Amino acid sequence: MQQIVNFILRNKTFLLFALLLFISVMLTIQSHSYHKSRFINSANFLSGGFYNTSNSVSSYFGLKEQNNLLQEENNTLKSILFNSNNKLNNAYIDTTTFSKKYKFTPAKVIRNTYATSNNILLVNRGKKDSIKQDFGVITSKGILGIIESTSSKYATVLSILNTTSRISAQLKKTDHFGSLSWNTASPSEIQLTEIPKIAPVQKGDTIITSGRSAIFPKGVPIGVVSNFKLDNAENYYEINVKLFNDMTNIEHVYIIENKDSEAINNLLNATND
């Protein structure tokens with residue numbers, strides 16, 4: 001306290017001058033509209049810059065939360081998209097009883113393999129999130145795999161980069177469909193077989209899910225045709241598909257539940273019996 005008093009006594013002349021200058025400036029601003037407007041604009045500029053910088057810093061540290069919010073929003077949009085497509089494909093719709101066929105649950109990949117012949121992913125959703133075996137898994141870019149097993153909090157995903165995986169897919173421009181499998185040659189390409197040679201296949205054609213199973217809705221992107229040839233019998237094409245997904249860099253995913261899958265599977269099992 002004594003040091004403060006000593007400082008004031010040593011600099012009393014300068015401090016008095018500064019005080020009088022401040023008072024005169026404030027009186028000038030208050031009494032002249034031009035000076036007042038310039039002062040307000042300058043103050044707004046300084047405060048705006050401060051809050052903009054502060055907001056940028058806050059946004060940086062809040063990226064994780066924002067990413068989660070964006071994933072939730074994408075999840076809602078995907079649910080609307082696929083359920084709308086399903087609705088449009090029905091000839092007769094009772095709008096009073098129509099319910100969403102597909103449910104989308106966002107998840108995060110916490111383990112991913114892509115270098116073995118039978119690759120498995122691990123996601124942070126499980127039985128407590130109503131996740132079950134044979135649910136589909138996709139990303140914002142395309143198909144990823146199928147839920148294989150679940151625990152309370154986690155689930156394993158049978159990657160499309162797995163030699164035991166078989167998924168129905170088709171050419172986007174036609175209804176010619178076949179089966180997806182993987183020959184282990186590259187994590188960026190997957191193989192589509194059983195497409196008949198009468199199909200108008202061209203390099204660059206888009207491949208999508210066919211919707212001919214109870215797992216994936218029709219139209220989920222997979223990739224594009226990179227090259228193709230006829231099989232040994234020359235009846236079907238063997239097609240290499242360049243994946244939309246970078247399978248070496250997967251984090252945010254969506255788990256798809258077809259609410260009609262149980263009824264469909266029960267009917268198919270009864271037919272097979």
Side-chain angles (χ1 to χ4, degrees), residues 78 82 102 104 107-109 111-123 133-149 155-256 258:
K78 286 180 180 296
F82 285 109
Y102 296 102
F104 289 75
K108 186 175 182 180
V109 174
R111 182 176 181 272
N112 178 23
T113 62
Y114 49 85
T116 68
S117 59
N118 295 306
N119 294 294
I120 298 291
L121 300 95
L122 184 67
V123 296
Q133 186 181 26
D134 291 335
F135 282 12
V137 184
I138 64 174
T139 72
S140 59
K141 292 184 177 181
I143 193 171
L144 184 64
I146 300 172
I147 295 293
E148 183 179 46
S149 60
T156 57
V157 180
L158 185 71
S159 172
I160 56 174
L161 302 183
N162 191 304
T163 56
T164 64
S165 174
R166 296 292 183 275
I167 296 172
S168 181
Q170 70 171 66
L171 295 169
K172 183 178 181 180
K173 65 182 182 181
T174 73
D175 283 330
H176 294 97
F177 67 96
S179 179
L180 283 177
S181 58
W182 187 49
N183 65 7
T184 74
S186 169
S188 63
E189 283 192 342
I190 198 169
Q191 286 64 51
L192 176 61
T193 58
E194 301 172 12
I195 298 291
K197 67 178 181 180
I198 61 172
V201 180
Q202 292 182 334
K203 186 176 180 179
D205 283 348
T206 300
I207 305 300
I208 60 175
T209 54
S210 68
R212 290 176 171 84
S213 73
I215 299 176
F216 294 102
K218 181 178 180 179
V220 178
I222 297 172
V224 295
V225 175
S226 57
N227 56 73
F228 60 94
K229 64 179 181 179
L230 288 172
D231 62 10
N232 293 331
E234 296 191 351
N235 292 320
Y236 297 94
Y237 284 117
E238 294 178 347
I239 302 173
N240 285 324
V241 180
K242 177 72 173 179
L243 295 171
F244 289 131
N245 272 325
D246 178 0
M247 298 297 292
T248 68
N249 184 27
I250 301 293
E251 183 175 9
H252 296 289
V253 300
Y254 304 93
I255 302 173
I256 307 175
N258 181 349

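Just so we're clear, the structure is a prediction, and the values are computed from it rather than from any experiment. Positions are given from 1, in the same order as the sequence printed here.
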Problem set entry | Partners meeting salt bridge (Lys or Arg N to Asp or Glu O under 4.0 Å) with Lys173 (sequence neighbours left out) | Asp205

Problem set entry | salt bridge (Lys or Arg N to Asp or Glu O under 4.0 Å) involving Asp175 - partner list, sequence neighbours excluded | Lys218

Seminar exercise, completed: Applied to residues 195-228, the ring pair (Phe, Tyr, Trp, His ring centres under 6.0 Å) test, sequence neighbours excluded, yields Phe228-Tyr237

Problem set entry | Residues, nucleotides or ligands: over 12 heavy atoms within 6.0 Å of Tyr236 OH | no

Problem set entry | side-chain hydrogen bond (donor to acceptor under 3.5 Å, both in side chains) partners of Thr193, counting only residues at least two apart | none

Exercise. Can you name the residues that form a side chain to side chain contact (heavy atoms under 4.5 Å, CB included) with Ile250, not counting sequence neighbours?
Worked result: Val109, Asn112, Thr139, Leu144, Asn245, Val253

Exercise. Does Thr248 have any side-chain hydrogen bond (donor to acceptor under 3.5 Å, both in side chains) partners at least two apart in sequence or in another chain, and if so, which?
Worked result: Asp246

Seminar exercise, completed: With sequence neighbours left out, the residues meeting side-chain hydrogen bond (donor to acceptor under 3.5 Å, both in side chains) with Ser213 are none

Problem set entry | With sequence neighbours excluded, residues passing side-chain hydrogen bond (donor to acceptor under 3.5 Å, both in side chains) with Asn258 | none

Problem set entry | Test side chain to side chain contact (heavy atoms under 4.5 Å, CB included) applied to Lys203 - qualifying residues, sequence neighbours left out | none

Exercise. Closest heavy-atom contact between Phe177 and Ser210?
Worked result: CB-CB, 4.2 Å

Exercise. Who are the ring pair (Phe, Tyr, Trp, His ring centres under 6.0 Å) partners of Tyr114, not counting sequence neighbours?
Worked result: none

For this session: Mind checking side chain to side chain contact (heavy atoms under 4.5 Å, CB included) for Ala233 and listing every partner two or more places apart, or none if nothing turns up?
Result: Asp231, Asn235

Exercise. CZ of Arg111: more than 12 outside heavy atoms within 6.0 angstrom?
Worked result: no

Problem set entry | Carboxylate-amine/guanidinium contact Lys108 Glu251, below 4.0 Å | yes

Exercise. What is the minimum heavy-atom distance between Ile222 and Val241, and which atoms define it?
Worked result: CG2-CG1, 4.4 Å

Exercise. For Ile120, which residues count as a side chain to side chain contact (heavy atoms under 4.5 Å, CB included) partner, sequence neighbours excluded?
Worked result: Glu148, Thr156, Leu158, Asn162

